[in-house]
Protein chains: 2
Amino acid sequence: MTVDRRKQIVEAAAKSFSLFGYKATTMDQVAKLANVGKGTIYTFFANKEELFDEIMGNLIQEMKVLADTEYDADRHFFDNLNRILYRLLDYRERHQLAVKMIHEIRDMGTPKALEGMRQLENAILSYIQVKIRAAIDKGELKPCDPEITAFVMVKLYVALASEWAFGRPPLEKERIAELIRLYLMNGLSAD
Amino acid sequence: MTVDRRKQIVEAAAKSFSLFGYKATTMDQVAKLANVGKGTIYTFFANKEELFDEIMGNLIQEMKVLADTEYDADRHFFDNLNRILYRLLDYRERHQLAVKMIHEIRDMGTPKALEGMRQLENAILSYIQVKIRAAIDKGELKPCDPEITAFVMVKLYVALASEWAFGRPPLEKERIAELIRLYLMNGLSAD
DNA sequence: AAATGACTAAAATCCATTTTCGGTCAGTCG
DNA sequence: CGACTGACCGAAAATGGATTTTAGTCATTT
């Protein structure tokens with residue numbers, strides 16, 4: 001084969017979803033961008049949804065790799081947590097697709113965009129869960145429910161890194177790490 | 001005077017805002033409910049917004065009283081925090097007005113409903129801030145930024161009490177208190 | 001002087017018409 | 001023959017103009 005049509009399609013779709021969101025991406029547009037007849041898309045993907053799922057899956061995969069690269073089994077849990085969470089959020093913020101999905105959910109409530117972000121969130125949560133379990137086994141963390149703990153960590157991180165900065169000066173990377181350590185690792189109790 | 005027209009209007013408006021939300025409450029309806037000519041409303045309130053602000057202010061006032069009733073200076077900060085936060089969220093959940101506002105924000109994005117909830121949130125935040133400051137002075141809490149800490153506490157509480165329960169079995173009142181103590185008071189570090 | 005409700009301008013809603021878009025399939029081309 | 005295409009279809013959404021609703025006013029009534 002002279003050109004990989006599937007790859008062309010996936011790349012064009014990724015670009016379009018990132019640039020215009022789920023709803024505003026048309027199959028005609030993807031076909032044109034990919035230099036492919038519209039029918040060809042349907043030989044690889046049953047419908048628009050499956051095409052989107054492929055793109056979303058790739059994103060999640062990339063983020064997993066990114067986290068694995070950052071993770072260092074020799075370092076302490078909270079050290080790894082801070083670096084990985086920040087990298088993930090950083091990535092999410094920089095990554096056009098995730099940003100578009102968030103906007104689309106807020107502005108139009110597109111169900112498929114919502115589902116995509118849920119998938120992404122679940123992937124992040126279950127990734128952290130595994131690391132929490134390992135940290136408990138290593139004796140770095142108190143025994144605690146890994147699912148709830150992962151949930152709390154992500155929520156706390158999103159709250160500090162993103163929600164705090166509505167009308168308030170955003171917190172520095174380092175400040176956030178320090179706060180997470182204060183609140184979750186050491187606790188506020190003064191005795 | 002035979003009847004207090006202002007009071008009639010405020011009561012009718014409170015009922016209507018709670019029952020139908022901000023947008024779906026019409027001045028004609030309030031007038032009829034209050035057994036008052038529409039013009040009369042405008043002798044007490046410049047416009048619909050001011051009428052709403054009055055209702056919202058009353059709600060916040062009531063919640064402050066409720067919190068003050070629960071607060072006991074002799075008890076430990078986290079004891080008070082748990083009881084007050086839970087009461088506030090409980091109240092918010094039960095209180096028709098707040099519930100309606102939350103729905104209206106989600107379903108239609110009514111700006112005035114959003115503003116109202118922001119006011120309420122700010123009131124809760126600044127209330128907790130005061131208590132945090134007191135607890136730091138009493139030596140019950142480590143020195144920390146009271147504004148950020150109040151913010152984190154509310155976010156964590158909302159996450160556990162409300163956001164967790166999307167598709168998952170909700171956490172018990174007592175479990176939430178226990179988790180807040182684990183995460184924020186004692187910390188997860190196992191040293 | 002206090003209260004009212006018919007009135008107005010502006011905003012929201014409705015709805016018929018048009019346009020767009022996901023998905024198909026008969027036909028083309030290599 | 002079979003990979004590929006784009007004109008075509010019905011369903012769903014966008015458009016816009018007519019109609020209704022509603023916040024706010026003010027001349028009139030009590």
Side-chain angles (χ1 to χ4, degrees), chain A residues 1-56 100 103-105 107-116, chain B residues 1-56 100 103-105 107-116:
Chain A
M1 90 294 258
T2 48
V3 281
D4 184 346
R5 291 182 187 287
R6 191 176 197 283
K7 197 178 156 198
Q8 279 178 296
I9 292 166
V10 169
E11 273 171 15
K15 194 173 285 182
S16 183
F17 282 131
S18 304
L19 227 48
F20 308 114
Y22 182 81
K23 244 200 87 182
T25 289
T26 70
M27 296 304 259
D28 280 303
Q29 195 184 33
V30 172
K32 195 173 283 181
L33 246 161
N35 272 103
V36 140
K38 187 159 55 148
T40 309
I41 300 178
Y42 288 88
T43 63
F44 296 110
F45 302 96
N47 49 42
K48 189 179 176 181
E49 234 176 283
E50 277 199 11
L51 178 57
F52 179 71
D53 287 345
E54 165 101 7
I55 311 295
M56 207 62 209
K100 259 290 160 216
H103 287 350
E104 203 171 338
I105 291 165
D107 299 344
M108 316 193 292
T110 315
K112 195 64 198 172
L114 195 95
E115 193 197 306
Chain B
M1 85 303 251
T2 48
V3 283
D4 185 346
R5 292 182 185 289
R6 191 178 197 281
K7 198 180 156 198
Q8 279 178 297
I9 292 166
V10 169
E11 273 170 16
K15 193 173 286 181
S16 183
F17 282 131
S18 303
L19 227 47
F20 309 114
Y22 182 81
K23 245 199 86 185
T25 289
T26 71
M27 296 304 257
D28 280 303
Q29 195 183 34
V30 172
K32 193 173 286 182
L33 245 159
N35 273 104
V36 141
K38 186 156 62 144
T40 309
I41 300 177
Y42 288 89
T43 63
F44 295 109
F45 303 95
N47 50 43
K48 188 179 176 180
E49 231 176 287
E50 278 199 10
L51 177 58
F52 179 72
D53 287 345
E54 166 100 7
I55 311 294
M56 207 63 210
K100 259 290 160 213
H103 286 353
E104 204 170 337
I105 291 165
D107 300 343
M108 315 192 294
T110 314
K112 195 65 198 172
L114 196 95
E115 194 197 306

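Protein chains get the first letters and strands the later ones, always in sequence-line order, with residue 1 at the start of each. All heavy atoms count here, side chains included; hydrogens, waters and symmetry mates do not.
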Atom-pair distance (CD on A:Glu50; P on C:dG22), nearest Å: 15 Å

Which residues pass the ring-ring contact (aromatic ring centres under 6.0 Å, His included) test with A:Phe52, sequence neighbours left out? A:Phe17, A:Tyr22

Holding to side-chain hydrogen bond (donor to acceptor under 3.5 Å, both in side chains), I want the full list of residues that pass it with B:Gln8, two or more places apart in sequence or in another chain. none

Distance, rounded to the nearest Å, where B:Phe44 contributes CZ and C:dA2 contributes P: 10 Å

C:dA3 P sits how many Å from B:Asn35 CG, rounded? 14 Å

Give the rounded distance in Å between these two atoms: CG of A:Leu33 and P of D:dG6. 15 Å

Side-chain N or O of A:Arg5 less than 4.0 angstrom from OP1 or OP2 on D:dC4? yes

For A:Ala14, give me all partners under side chain to side chain contact (heavy atoms under 4.5 Å, CB included), at least two apart in sequence or on another chain. A:Ile55

Contacts of type salt bridge (charged side-chain N to carboxylate O under 4.0 Å, His left out), residue B:Asp53, not counting sequence neighbours: B:Lys112

Summary of salt bridge (Lys or Arg N to Asp or Glu O under 4.0 Å) pairs that have at least one residue in residues 28-47 of chain A, sequence neighbours excluded: A:Asp28-A:Lys38

Expressed as a whole number of angstroms, how long is the span from A:Met108:CE to D:dA13:C1'? 12 Å

Any chance you could measure A:Asn47, atom CG, to A:Met27, atom CE, to the nearest 0.5 Å? 7.5 Å

Measure NZ/A:Lys112 against C1'/C:dG22 and give the value in whole Å, please. 15 Å

Heavy-atom protein contacts under 4.0 Å, nucleotides 23-30 of chain D, coded B base, S sugar-phosphate only, - none: BBB-----

